[in-house]
Amino acid sequence: HGVTIREALDGAVGYIDKDLADDPDVYADVQVMIGRLYARLNRRESAQQHFQKALDVYRHRLGEESCTYLTALSDLAWIVQPGEQEQIFRQLVDIYRRQHGNDHPLTMVHEAFVAGCLNWRGAFVEAEPLLRRALAFRVNVNEETENTGYVLYELGISLHGQGKNEEAEICFRRALAVQRKVHGEDHFHVATTLRSFAKFLSDCGREDEARQAREQAEAIRQKRVGP
């Protein structure tokens, strides 16, 4: 059979320690690249191992507050357990606030990532002001990016968790519009938002609309990974 991406990646990993041992900067950059590929394949343990190897090199050569180290640390945060994820994002907020100030985009987007962790554990009231602050910045600069879609999505979850359903629906619909514009119709972020929107609609007693959203999410999943 043809070699899959996963098999090719597994085969290449064994050569890295030997072939790149004399060039630690390239070695670390390659470890991040492989970590991201494993993360996209949902191989979280493998991804974490590679991110950690890169972080060890960056820490030694560049320091724990270098841009390169912090970017890799943010990559790691997305694949660890929720409690550790929130801890890492709070650490990043503190560093970016110290480096750039409270109103810098890096500070605010990582505050939004903290808010996503707060939503996960049901702290919707605490999450809302962080998300509104991040969203206000993006509206002010007329920015529609991946992070804008994320902020709107998480704000929808926060508002729904507090029973503010009219505004929550607006946020979910805006999130879908931004994600479709940025990523296209069949991106996994669109499917994730559709699944959450379906749950919202079902909670509101709008089962026909909820079923349609679930079907759209499932169609995207089948296009991406097969039946």
Side-chain angles (χ1 to χ4, degrees), residues 25 28-29 31-33 35-36 39 47-48 51-162 164 167-168 170-172 174-175 177-179 181-183 189 192-193:
D25 294 329
D29 292 346
Q31 294 289 2
V32 168
M33 180 183 70
R36 288 172 178 167
Q48 187 169 348
F51 286 138
Q52 200 60 62
K53 287 179 180 180
L55 286 166
D56 289 343
V57 174
Y58 293 147
R59 182 186 298 110
H60 176 70
R61 295 180 66 80
L62 302 172
E64 292 188 354
E65 295 200 2
S66 67
C67 177
T68 304
Y69 179 89
L70 296 175
T71 300
L73 186 60
S74 188
D75 282 327
L76 175 65
W78 287 109
I79 59 164
V80 297
Q81 295 300 311
E84 187 181 356
Q85 182 182 76
E86 182 177 344
Q87 183 180 11
I88 292 173
F89 283 141
R90 286 188 181 278
Q91 177 187 348
L92 288 164
V93 168
D94 289 343
I95 293 170
Y96 286 130
R97 184 179 288 131
R98 187 168 63 251
Q99 288 182 344
H100 304 294
N102 199 46
D103 295 329
H104 192 276
L106 281 170
T107 305
M108 286 188 281
V109 76
H110 283 84
E111 284 180 345
F113 297 158
V114 170
C117 299
L118 293 171
N119 277 340
W120 185 87
R121 57 182 175 87
F124 304 119
V125 174
E126 190 179 348
E128 183 183 349
L130 298 176
L131 293 162
R132 288 195 182 279
R133 200 169 94 84
L135 182 60
F137 167 79
R138 278 163 172 72
V139 170
N140 187 52
V141 298
N142 194 30
E143 179 182 83
E144 288 192 349
T145 66
E146 178 177 356
N147 288 333
T148 312
Y150 172 84
V151 171
L152 285 162
Y153 164 76
E154 290 291 351
L155 185 55
I157 290 174
S158 172
L159 293 167
H160 177 46
Q162 299 174 70
K164 302 175 181 178
E167 192 177 2
I170 292 170
C171 288
F172 281 126
R174 286 179 64 195
V178 171
Q179 289 169 338
K181 180 177 178 181
V182 172
H183 299 296
H189 286 331
T192 298
T193 301

I need the full list of salt bridge (Lys or Arg N to Asp or Glu O under 4.0 Å) pairs touching residues 98-107, with sequence neighbours left out, sorted by first then second residue. Glu65-Arg98, Asp103-Arg133

Which pairs pass salt bridge (Lys or Arg N to Asp or Glu O under 4.0 Å) with one or both residues in residues 80-89, sequence neighbours excluded?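 Pairs touching residues 80-89 that pass the test: Glu86-Arg90, Glu86-Arg121.
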
What closest approach, in Å, do [X] and [Y] show between heavy atoms, and which atom pair accounts for it?
| X | Y | result |
| --- | --- | --- |
| Thr193 | Ala175 | CG2-CB, 4.2 Å |
| Thr68 | Leu62 | CB-CD1, 3.8 Å |
| Tyr69 | Gly63 | CB-O, 3.4 Å |

Taking side chain to side chain donor-acceptor pair (under 3.5 Å) as the test, write out the residues that go with Glu167, two or more places apart. Arg132

Can you list everything that forms a side chain to side chain donor-acceptor pair (under 3.5 Å) with Asp56? Sequence neighbours excluded, please. Arg59

Working to the nearest 0.5 Å, report the span between CG of Leu92 and OG1 of Thr107.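 That separation rounds to 10.5 Å.
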
Is there a donor-acceptor pair under 3.5 Å between the side chain of Ser74 and the backbone N or O of Leu70? no

For the backbone of Val80 and the side chain of Gln85, can you confirm whether one donor and one acceptor N or O come within less than 3.5 Å of each other? no

With sequence neighbours excluded, tell me which residues meet side chain to side chain contact (heavy atoms under 4.5 Å, CB included) with Ala47. Tyr38, Ala39, Phe51, Ile79

Just do the side chain to side chain contact (heavy atoms under 4.5 Å, CB included) check on Arg97 and Glu111 with the steps written out, would you? CA-CA 10 Å; Arg97 184 179 288 131; Glu111 284 180 345; 2.8 Å; yes

Which pairs of donor and acceptor atoms, one on a side chain in residues 151-161, lie under 3.5 Å apart (sequence neighbours left out)?
residue, atom, partner, partner atom, Å
Tyr153, OH, Ser196, OG, 2.9
Glu154, OE1, Asn119, ND2, 2.8
Ser158, OG, Phe124, O, 2.8
Ser158, OG, Gln162, NE2, 3.2
His160, ND1, Asn165, OD1, 2.8
His160, NE2, Asp203, OD2, 2.9

Assign the ring pair Trp78 / Tyr150 to parallel, tilted or perpendicular, where the plane angle (0 to 90°) is split at 30° and 60°.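 Perpendicular, since the angle between the ring planes exceeds 60°.
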
